Amino acid sequence: WSDRQREIYRIERTPSLQESLSLYGFVRQDIEIVVATHLHFDHVGACTVAEQGGVVPAFPNARHFFQRGEWEDAMTPNERTRAAYQPEDFVPLQEAGLVELIDGPSQIVPHVSVEVTGGHTRCHQIVFIESQGQKAVYLGGILPATSHLPIAYTMGFDLYPVTVMDKRRELYRRAAEERYLVCLEHDCAVPAGYIAFVGEKFVFQPLADSSAEGRQECGDLDRRSEYGRERL
């Protein structure tokens, strides 16, 4: 990545991937399963690492689960999607025999499943995790941040914005009725919380109060990046 790209996308490596895993007592080699909602660089960029011999899998002992249609689209991008797919993020995984392509809704392992939504990409999927009678959902590009909660607040990267809107209506209702813990990937202040229907609209209830530091970081992101949090 050039300095310009790092500035635009706010690429930061502090803490590093290994430092983050170390907080929970793991190293990269311990990871056995990786599930990606889609293959955009901001979702699978950490699946490979650059070493002296070239680009290699970051999780050499892990099976990587992707939707077959998403893989096909990433391997044959068009003029609009080419910038979002970086082959060095996922082709080395295939070369190492670590890719498992799935078709449609699937049970990855007990208590972890995926459901295809489309919208953000043609075969975008979301991930459900169940534990102790509770369920969490990772919505990926369907709801990247709390600022995108309004149904019509879609992103420039959404290939099928009307589908995103339709899936939001459906998933918001399910999340509110079944009390899903909703995990967000692009919100630097609110990583997770619950969706509720209050009055005539959906609202997001953070799992914990957002810190002043987190809110400041989001503010800095809006000012420093020409894309800004709203468009990422």
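Only a predicted model underlies this, so the values are computations on that prediction, with no experimental measurement involved. Throughout, numbering of the chain's residues begins at 1 and tracks the sequence.
Because its NZ or CZ atom is both nearer than 6.0 Å to the ring centre of Tyr194 and within 45° of the ring axis, Arg179 counts as a cation-pi partner of that residue.
One finds the CD1 atom of Ile129 at 12.5 Å from the CD atom of Gln134 (value rounded to the nearest 0.5 Å). Of the inter-residue distances, the one linking Gln29 atom CD with Asn61 atom CG reads 7.0 Å to the nearest 0.5 angstrom. In this structure, NZ on Lys167 lies 12.0 Å from CD1 on Ile151, to the nearest 0.5 angstrom. Distance check, rounded to the nearest 0.5 Å: CD1 of Ile8 to CG of Asp3 gives 11.5 Å.
Not counting sequence neighbours, the partners of Ala62 by the side chain to side chain contact (heavy atoms under 4.5 Å, CB included) test are Ile31, Val34, Phe59, His64.
Using a 4.5 Å heavy-atom threshold, the side chains of Leu143 and Leu149 count as touching. Contact check for Thr37 versus Glu70: no side-chain heavy atoms found under the 4.5 Å cut-off. For the pair Trp71 and Val99, the minimum side-chain heavy-atom distance is below 4.5 Å. In this structure the side chain of Val114 reaches within 4.5 angstrom of the side chain of Gln67, judged on heavy atoms. Ile33 places a side-chain heavy atom less than 4.5 Å from the side chain of Phe65. Side chains of Leu171 and Val137 form no contact here, defined as non-hydrogen atoms less than 4.5 Å apart. Ile108 places a side-chain heavy atom less than 4.5 Å from the side chain of Ile102. Between Lys201 and Tyr172 the shortest side-chain heavy-atom distance does not fall below 4.5 Å.
When all heavy atoms of Thr163 and Gly118 are compared, the pair lying nearest together is CG2-C, 4.2 Å. Across Val44 and Ala36, no two heavy atoms sit closer than the pair CG1-CB, 3.6 Å. Shortest non-hydrogen contact noted between Gln5 and Ser2 is OE1-N, 2.9 Å. Across all their heavy atoms, Gln107 and Val112 have their closest contact at NE2-O, 3.4 Å. Contact between His120 and Val164 at its shortest, heavy atoms only, is N-CG2, 3.6 Å.
Checking Arg173, Arg174, Arg168 one by one against Glu170, the salt bridge (charged side-chain N to carboxylate O under 4.0 Å, His left out) holds for a single residue, Arg174. With Thr117 as reference, His124 is the one residue of His124, Gln125, His38 to meet the side-chain contact (heavy atoms from CB on, under 4.5 Å) rule.
Aromatic pair Phe66/Phe90: ring centres not closer than 6.0 Å. You'll find the ring centres of His186 and His148 outside the 6.0 Å limit.
Phe41 and Leu17 fall into different hydrophobic clusters, defined by Ile, Leu, Val, Met, Phe, Trp and Tyr side-chain heavy atoms under 4.5 Å apart, directly or through other members. When hydrophobic clusters are built by joining Ile, Leu, Val, Met, Phe, Trp and Tyr residues whose side-chain heavy atoms come closer than 4.5 Å, directly or via intermediates, Leu93 is grouped together with Tyr85. There is no path of hydrophobic side-chain contacts, each under 4.5 Å, that joins Phe157 to Leu39. Residues Ile11 and Val49 fall into different hydrophobic clusters, defined by Ile, Leu, Val, Met, Phe, Trp and Tyr side chains chained together at heavy-atom separations under 4.5 Å.
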Task: Test side-chain contact (heavy atoms from CB on, under 4.5 Å) applied to Leu184 and Phe204, step by step - done: CA-CA 11 Å; Leu184 309 175; Phe204 197 91; 3.8 Å; yes
Task: Verdict with reasoning, Leu21 to Val27, per side-chain contact (heavy atoms from CB on, under 4.5 Å) - done: CA-CA 6 Å; Leu21 289 172; Val27 295; over 6 Å; no
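Among residue pairs with one or both ends in residues 81-90, none qualify as salt bridge (Lys or Arg N to Asp or Glu O under 4.0 Å); sequence neighbours excluded. Identified under the salt bridge (Lys or Arg N to Asp or Glu O under 4.0 Å) test for residues 137-154, with sequence neighbours left out: none.
With 3.5 Å as the limit, one finds a donor-acceptor pair spanning the side chains of Thr81 and Asn78. Judged by distance alone, the side chains of Glu72 and Thr76 never bring a donor and an acceptor atom under 3.5 Å apart.
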